[in-house]
Structures are given as structure tokens and as C-alpha cells.
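So the structure is just underneath, and the comments pick up after that.
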Amino acid sequence: MAANVSKLNMARLRRSSVFSVFQLDLLRELVCVLVAFCVLTQQSLADQQEFLEDFLKREYSLVKPYRGLGFSSSSQWDLLGTAMVTPDHVRLTPDQQSRQGAVWSRIPFVLRDWELRVHFKIHGVGKKNLNGDGLAFWLTRDRMQNGPVFGNMNQFVGLGIFVDTYPNADKTHDRTFPYVSVMLGNGTLTYDHDRDGRTTELGGCTAMTRNSIYDTFLLVRYSKNKLTLMVDVDGKQEWRDCAEVNGLRLPIGYYLGASSVTGDLSDNHDVISMKVYQLSVERTPEEEEEEEEVVTIPRVDDMYQFQVDVEEEGMSGLQLFFTLLFSVLGLAVLAVVGLVLYGRWKENKRKRFY
């Protein structure tokens, strides 16, 4: 009997020991998972620590139900051309030939660090490469201007983000369309349609934005003189890098807008929302001092096409005449003074012989 009790106690002790080991292993696994989670979270926070907070700026944003958009004096946005408002979107152009439309903010943009998130849709019945032409998002000095660059003026001053759906220079085969690109205008640069803007492009990427089964988004971030462009068009709900431009300097007081144009080929070009966020960014004293510079014309540092050569102005005909006149008069006065002094010197010289 005593032996049976002893065996029973030993079995219980073994089970208790095995259970303790199992608890210890489980506790170790939980600790490892917790540590890994903390490391990943800390890394994610470290990646985002540059942007401490962001605030939606409604005065610059275009969102449903699209209040403050129209032709009244209290509107914050203006419509141009064929642009029209529906409950679900602002349609810049319908799927019809030779249409042009735009929407422009009335409020000057004065944020220093910002992020623009655009939700848009391009769709139509045309087959691939038989559709056009695309749409553009703007931050420019001039607003409400019709023109050939996706519905806006050429030789613009400011920033343009182009979603180009038609390849004009298809013979090169160096890129796949639709193609998203960045251009900075200083009033002298011309967008070259025949080459799809390659000569003035600062960066870009392929993004399947037309007739997509997913929602299509663009993100444009500007902070510390750095522009970042990202896209989300694959239904993965994550941003993909598209372009990055360092040393880009934008003035404040420009206007946000979106525009589109169709020609012989067409598509529906719809803007669902344009949301602007103000970013809170930490700066060093050196960075603060550097950004105190007043920028009047957009430019990119260390890029030749944005260097402004100041030419010395030549003299006009009237200025040249007076310059020659006063020069002759000056020489005549000097000649008279010289003759007078020379006559006195000769007279004094003669007197010394008497």
C-alpha cells in the first residue's frame, strides 16, 4: 500500500514537473513575441519620427459632399470648362472627344510642410492606347488657365503631377503607360507632348491607373525641400515609391488644382477627393536658417535647367549719346584747364629772366 502511494506521488511530481517546463517554454515564447513586437513597433516609429503629427486642412481639401464648390462668392473651389460635380466625384472630362475641364482652389496655399493624398479614377470604353489623354494635379502660381498641358497652360510656374495614359512617343518603348511623372515649371520650360514630357521630367513610374478594378491613389509629400511621390493602385492598401526629388524649392501662395483634356481619344477623368495634411516636422537650427531664404521662382538645386542667367543690359541710344556728350565736354574742360596752366607756367618762366 505504501509503495502504491509512493508511486502515485512520484507520478504526480513528474506531471507537475512536465507542466512547469511547458509553462516555462510558453512564457519564453510569449516573451520573445513581445520583444519582437516592441522592436518592430519601435522601428516603425523611428521610420515615422520625422513627421510627428499631421492635420487635415479642410480649407485646402476637396472631399464629399463637395460643399464650397461652385460659382457662388462663398465657394472655396472653382470649376472650369466641362468639369461638373456629382454626388460621387468631380468629373473633369466625360468620355467624349475634345473636352477640357478643371477644378481650382481659390485659397492661396501657404503650408511649408504638407502632404496631398488624391483619390481619382480614369475609365472609359476605349481600348488600350486608344484612350486619352490623362489628368494632372497642380500647385501653381496661375489658376483657371486653359491650355494644352492636360488642360492647363504651358510654361507654367509651379508643380505639376501628370497621370499620362496615352504614349505619344511609343516608338521608344522605354516605359509602360499609364505613366505618372513630376515636372517643375519656372515660366520658361515647355512640356513636350511629342516626347511625353521626357525633357522636363524630374522622376516618375508606371502605374496601372486606367480601368482599374481597385481604387487608385497618389500621395505627394513636400518637406525640408524634398518632394516624394508615391502611388497605391494595386489594391494592397500600401504606398509604393514612384519618384523622389531632393533640393526642390517651392514658393508659398500658389494654388491647388486638377485638370484634364481629351482630343481625338477620350476617357472619363474623375477626382474623388484631394486631401491636404499639414505636417509637423522637427528642424535643426541649421535647417531653419537655410529655409529662411525667400523663394520667388520654383527651382531644383544643382540642376542646370533651373539656373537663371542674368544678362547685363546694354545701353540705350539715348544713354550712349549723353555718355559721349559728357565725355567730350569733360575732355574739352580738361584741355582748357591744361592750356591755362601751361600759359601761366610759361609766363612765370619768362619773368625769372628779368
Side-chain angles (χ1 to χ4, degrees), residues 80-84 89-104 116 118-140 145-154 156 158-170 172-185 189-212 214-220 229-233 242-243 256-274:
L80 182 66
T82 59
M84 62 178 295
H89 53 253
V90 177
R91 175 155 291 173
L92 303 177
T93 61
D95 191 359
Q96 299 174 7
Q97 295 178 338
S98 303
R99 298 294 188 267
Q100 184 168 308
V103 58
W104 285 94
L116 171 65
V118 182
H119 184 189
F120 66 99
K121 188 174 184 179
I122 302 175
H123 57 105
V125 297
K127 296 181 180 180
K128 184 179 180 181
N129 293 343
L130 290 175
N131 58 278
D133 285 324
L135 77 165
F137 303 99
W138 306 95
L139 181 61
T140 55
Q145 301 290 324
N146 286 323
V149 185
F150 298 95
N152 192 24
M153 62 184 293
N154 212 335
F156 60 89
L159 179 69
I161 308 294
F162 307 141
V163 184
D164 193 350
T165 58
Y166 180 75
N168 293 287
D170 192 39
T172 59
H173 297 287
D174 63 338
R175 62 182 57 171
T176 303
F177 283 74
Y179 192 83
V180 182
S181 62
V182 182
M183 176 179 171
L184 190 70
L189 301 178
T190 300
Y191 179 83
D192 187 351
H193 271 286
D194 294 336
R195 299 181 62 187
D196 299 310
R198 285 170 171 80
T199 56
T200 51
E201 177 189 316
L202 297 179
C205 66
T206 294
M208 297 304 168
T209 57
R210 182 179 183 269
N211 282 346
S212 175
Y214 307 111
D215 288 338
T216 48
F217 300 89
L218 287 178
L219 184 149
V220 185
L229 174 63
M230 291 184 277
V231 297
D232 176 11
V233 297
C242 182
L256 281 170
S259 67
S260 179
V261 66
T262 63
D264 294 334
L265 304 174
S266 63
D267 260 336
N268 296 302
H269 298 96
D270 302 333
V271 176
I272 300 170
S273 67
M274 295 174 62

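Taking the side chain to side chain donor-acceptor pair (under 3.5 Å) definition, one finds that His89 meets it with Thr86, sequence neighbours left out.
In the model, Gln100 has a side-chain atom that pairs as donor or acceptor with a side-chain atom of Asn146 under 3.5 Å. For the 3.5 Å distance criterion, the side chains of Asp95 and Ser266 qualify, holding a donor opposite an acceptor. Using a 3.5 Å distance cut-off with no hydrogens or angles, the side chains of Asn168 and Asp194 do not pair a donor with an acceptor. Counting only N and O atoms by type, the side chains of Tyr191 and Glu201 include no donor and acceptor under 3.5 Å apart.
Side-chain contact between Leu219 and Leu229 is absent, with no heavy atoms from C-beta onward closer than 4.5 Å. The shortest distance between side-chain heavy atoms of His269 and Lys121 does not fall below 4.5 Å. Under the 4.5 Å side-chain criterion, counting only non-hydrogen atoms from C-beta, Pro94 is in contact with Thr82. Two residues are said to be in side-chain contact when any heavy atoms from C-beta on lie closer than 4.5 Å; Val163 and Leu218 meet this criterion. Looking at heavy atoms from C-beta onward, Leu184 lies in side-chain contact with Leu202 at the 4.5 angstrom threshold. By the 4.5 Å heavy-atom criterion applied to side chains, Tyr179 and Thr165 are not counted as neighbours. Using a 4.5 Å heavy-atom cutoff, the side chains of Val180 and Ile161 are in contact. Counting heavy atoms from C-beta outward, Ile122 and Asn268 have side chains that stay 4.5 Å or more apart.
Between the side chain of Ser260 and the main chain of Gly134, a donor-acceptor pair closer than 3.5 Å is present. In this structure, the side chain of Arg99 does not engage the main chain of Gln96 through any donor-acceptor pair within 3.5 Å.
Closest approach of Asp133 to Phe150, counting heavy atoms only: O-CE2, 3.6 Å. A pairwise comparison of heavy atoms in Ser259 and Gly151 identifies OG-C, 3.9 Å as the closest pair. When all heavy atoms of Gly132 and Tyr166 are compared, the pair lying nearest together is CA-CB, 4.4 Å. The minimum heavy-atom distance between Val271 and Ala258, with the atom names listed, is CG2-CB, 4.1 Å. Shown here for Trp104 and Gly257, the closest heavy-atom pair between the two residues is CE3-CA, 3.6 Å. The two residues Gly101 and Thr93 come nearest to each other via the heavy atoms N-CG2, 3.8 Å.
Heavy-atom neighbours of Met208 CE from other residues, nucleotides or ligands within 6.0 Å: above the threshold of 12.
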What's the verdict on side chain to side chain contact (heavy atoms under 4.5 Å, CB included) for Phe217 and Val231, showing C-alpha distance, side-chain angles and the deciding distance? CA-CA 6 Å; Phe217 300 89; Val231 297; over 6 Å; no
Give the C-alpha distance, both sets of side-chain angles, the deciding distance and a yes or no for side chain to side chain contact (heavy atoms under 4.5 Å, CB included) between Asp232 and Tyr214. CA-CA 9 Å; Asp232 176 11; Tyr214 307 111; over 6 Å; no
Show, in sequence, the C-alpha distance, side-chain angles and deciding distance for Trp138 and Phe156, and conclude whether the ring pair (Phe, Tyr, Trp, His ring centres under 6.0 Å) test is met. CA-CA 10 Å; Trp138 306 95; Phe156 60 89; 5.0 Å; yes
Evaluate Leu256 against Phe137 for side chain to side chain contact (heavy atoms under 4.5 Å, CB included), listing each step before the verdict. CA-CA 8 Å; Leu256 281 170; Phe137 303 99; over 6 Å; no
Apply side chain to side chain contact (heavy atoms under 4.5 Å, CB included) to the pair His119 and Asp215, showing each step before the final yes or no. CA-CA 7 Å; His119 184 189; Asp215 288 338; 3.5 Å; yes
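To the nearest 0.5 angstrom, Asn154 atom CG is 5.0 Å from Thr190 atom OG1. The CG atom of Asp264 sits 6.5 Å away from the OG atom of Ser98 when rounded to the nearest 0.5 Å. One distance of note links CZ of Arg210 with CG of Asp164; it measures 12.5 Å at 0.5 Å rounding.
The only option from Asp270, Asn211, Asn131, Asp267 that meets the side chain to side chain donor-acceptor pair (under 3.5 Å) definition with His123 turns out to be Asp270.
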